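Not measured: the values here are computed from a predicted model.
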Amino acid sequence: MTHAPLTLGIEDWLLGEALQDPDTQALFGALCQRLRGIGIPIERALMSWLILHPLFSSEEVFWRSDGRVGLEQYDHAMVGGQRWLESPLAHVHSNRLDTFRRRLTGDGALLDFPVLENLAAEGMTDYFVNKAVFRVGDMPSVLGGETGIIVSWSTDRAGGFSPDDLTALERVLKPLAVATHASIQHRVLRNVATTFLGETAGRRLLTGEIKLGDGEMIPAVLWFSDLRGSTRLSDSMAPEDYLALLNIYYGCTASPIVEAGGEILTFIGDGVLAGFRVPDGNAAPAVALAEAAIGEARARQAAAVAAGTPGGAPLEFGIGLALGDVMMGNIGVPTRLAFSGIGTAVNRAQRIEAATKRFGTPVLAEQAVAALATGPWRAVGAAELDGLSERAELFAPEDTTLD
């Protein structure tokens, strides 16, 4: 019996879903259930694509006949790694094949990839792969000139897939690619936007706030940290060593901020400007998050120094905290914008960090922050903050020492 009339209905459904920006995982699960519903004996299926992401190189959705559907992400070491190179999907990609099939049982069985041996051991009888390629002008590609989806289908039916089964699986591939294309490209765009601009700026960009001057005023605990002696280090170190040191420094400062719930607003040279939002006028939770990030930053600094820095270079930085309103928005010119935080509180945080050198302590905060701290802080004195009219009473965590 031909599946063609029923397959046509699935194709129409996929094209309708393409207009809705569907969730890729849910869409693939629903597709597999519909294919089984018209008599195609899929037991397990997998759809894979490569993606631009700082941590991951590829994503895949898997489906099982018992209703399980899941999304898995693989880091950059996977592409080019042994598991990838020994997979049928890598074979399909590297040889630019549109389809690939292996019988897993009987006289025609060919188990020439490790995964096929595993599938045969699970009782699968047939394995079929097809591929759809995306090309979108000059959009970034991650497959050596192309990107797209690769789908594998497995069955445990005696005799495997019929010719009509394979025809149906090929017929639904292009509508599936259309339905998932926009979603995958949106994931790429979101990853790029949030990686290079930050969560807030990336979200604002994708919701249309891309004009000069777009922004909002928010209350926050502002963090500014700066690498000590960076000019001297950049002059005296080999470029690759200095870059490695910078990444260690950012790992000590920027990563704890994000992990604690703060957000990187911008990098200013080797300075890190970040904010911990103040919800509903209560700054105490934001101060607590900043304290947690400081503790983690100092712990990572100690661990990095103990492990050894590039060229044995010193790894010292100061942290300044201030509390107030910050304007988060687009600055620059209409054709070249940057997202940043500006305002008096930002200036105070930068000047307070600069004062850590004068007071010989790695961390300083203004009184408004120290008053809400969960840990003990001690007064270290008042200081003129360059460019600001009022002297500031400054405080340091009790467990830091003065030089």
Assess the residue pair Leu289 and Ile257 against the criterion (side chain to side chain contact (heavy atoms under 4.5 Å, CB included)); give the C-alpha distance rounded to whole Å, side-chain angles, the decisive distance to 0.1 Å, and a yes or no.
CA-CA 8 Å; Leu289 295 179; Ile257 292 168; over 6 Å; no
Can you check side chain to side chain contact (heavy atoms under 4.5 Å, CB included) on Asp270 and Tyr250, steps first, answer last?
CA-CA 8 Å; Asp270 51 64; Tyr250 289 131; 4.0 Å; yes
Given side chain to side chain contact (heavy atoms under 4.5 Å, CB included), test Leu265 with Val346 step by step and report yes or no.
CA-CA 11 Å; Leu265 303 182; Val346 173; 5.5 Å; no
Check the pair Ile352 / Phe224 against side chain to side chain contact (heavy atoms under 4.5 Å, CB included), numbers first and verdict last.
CA-CA 8 Å; Ile352 291 169; Phe224 187 80; over 6 Å; no
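When every heavy atom of Gly318 is checked against every heavy atom of Thr356, the shortest pair comes out as CA-OG1, 3.8 Å. Between Ala179 and Ala18, the shortest heavy-atom contact is CA-CB, 3.6 Å. The two atoms that bring Ala45 and Phe28 nearest to each other are CB-CZ, 3.8 Å, heavy atoms only. In terms of heavy atoms, Pro314 sits closest to Leu245 at O-CD2, 4.1 Å. Scanning both residues, Cys32 and Ile42, for their nearest heavy atoms gives O-CD1, 4.5 Å. Here the closest heavy-atom approach between residue Ile268 and residue Gln350 is recorded as CD1-NE2, 3.8 Å.
Between Gln33 atom CD and Ser65 atom OG the span is 8.5 Å, to the nearest 0.5 Å. In this structure, the separation between CD on Glu59 and CD on Glu72 is 11.0 Å, given to the nearest 0.5 Å. We find the CG-CG distance between Leu31 and Leu176 to be 5.5 Å, quoted to the nearest 0.5 Å. Put simply, CG on Leu246 and CG on Leu227 are 6.5 Å apart, with the number rounded to the nearest 0.5 Å. Note that the CG atom of Asp325 and the CG atom of Leu222 stand 9.5 Å from one another [nearest 0.5 Å]. Within the model, atoms CD1 of Ile294 and CD1 of Ile319 stand 5.0 Å from one another, a figure rounded to the nearest 0.5 Å.
Remark: Tyr249 engages Phe317 in a ring-ring contact (aromatic ring centres under 6.0 Å, His included) (not counting sequence neighbours). Remark: Asp107 pairs with no residue by the salt bridge (Lys or Arg N to Asp or Glu O under 4.0 Å) rule, at least two apart or across chains. For Asp165, the salt bridge (Lys or Arg N to Asp or Glu O under 4.0 Å) partners at least two apart in sequence or on another chain are Arg157. By the salt bridge (Lys or Arg N to Asp or Glu O under 4.0 Å) test, Glu259 pairs with Arg300, sequence neighbours left out. Partners of Glu17 under the salt bridge (Lys or Arg N to Asp or Glu O under 4.0 Å) rule, at least two apart in sequence or in another chain, do not exist in this structure. Applying the side chain to side chain donor-acceptor pair (under 3.5 Å) criterion to Asp66, with sequence neighbours excluded, gives Arg68.
Contact annotation: the side chain of Arg103 approaches that of Asp126 to within less than 4.5 Å [non-hydrogen atoms, C-beta and beyond]. You'll find the side chain of Thr374 stays beyond 4.5 Å of the side chain of Val287, heavy atoms only. Side-chain contact between Ile40 and Thr155 is absent, with no heavy atoms from C-beta onward closer than 4.5 Å. Side-chain contact between Thr7 and Val172 is present, with heavy atoms from C-beta onward closer than 4.5 Å. Looking only at side-chain heavy atoms (C-beta outward), Leu71 and Thr24 stay at 4.5 Å or farther from each other. Residues Val178 and Leu14 have side chains not in contact (no heavy-atom distance under 4.5 Å, counting atoms from C-beta outward). By the 4.5 Å heavy-atom criterion applied to side chains, Pro310 and Ile248 are counted as neighbours. Considering only heavy atoms from C-beta on, Val221 stays 4.5 Å or farther from Leu372 through its side chain.
Sorted by first and then second residue, the side chain to side chain donor-acceptor pair (under 3.5 Å) pairs involving residues 166-175 (not counting sequence neighbours) are Glu11-Arg171. Among pairs with a residue in residues 232-250, none fulfils salt bridge (charged side-chain N to carboxylate O under 4.0 Å, His left out), at least two apart in sequence or across chains. Identified under the salt bridge (charged side-chain N to carboxylate O under 4.0 Å, His left out) test for residues 28-41, with sequence neighbours left out: Arg36-Glu43. Within the structure, salt bridge (charged side-chain N to carboxylate O under 4.0 Å, His left out) contacts touching residues 311-322 (residues at least two apart or in different chains) do not occur.
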Got a list of side-chain donor-acceptor pairs under 3.5 Å for residues 108-123, not counting sequence neighbours?
residue, atom, partner, partner atom, Å
Asp112, OD1, Arg102, NE, 3.0
Asp112, OD2, Arg102, NE, 3.2
Asp112, OD2, Arg102, NH2, 2.9
Glu122, OE1, Arg44, NH1, 2.9

Under 3.5 Å, which donor-acceptor pairs link side chains of residues 362-371 to any protein atom two or more places apart or in another chain?
residue, atom, partner, partner atom, Å
Glu366, OE1, Arg348, NE, 2.8
Glu366, OE2, Leu323, N, 2.7
Glu366, OE2, Arg348, NH2, 3.1

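Aromatic ring pairs are classed by plane angle as parallel below 30°, tilted from 30° to 60° and perpendicular above 60°; the pair Phe100 and Tyr127 is perpendicular.
A donor atom on one side chain and an acceptor atom on the other are found under 3.5 Å apart for Trp153 and Asn130.
A donor-acceptor distance shorter than 3.5 angstrom exists from the side chain of Gln301 to the backbone of Leu315, with no hydrogens or angles considered. Under a 3.5 Å cut-off, the side chain of Ser234 and the backbone N or O of Thr231 do form a donor-acceptor pair. Judged by distance alone, the side chain of Arg64 and the main-chain N or O of Val69 form no donor-acceptor pair under 3.5 Å.
Applying the 6.0 Å contact sphere to CG of Asp280 captures no more than 12 heavy atoms from other residues, nucleotides or ligands.
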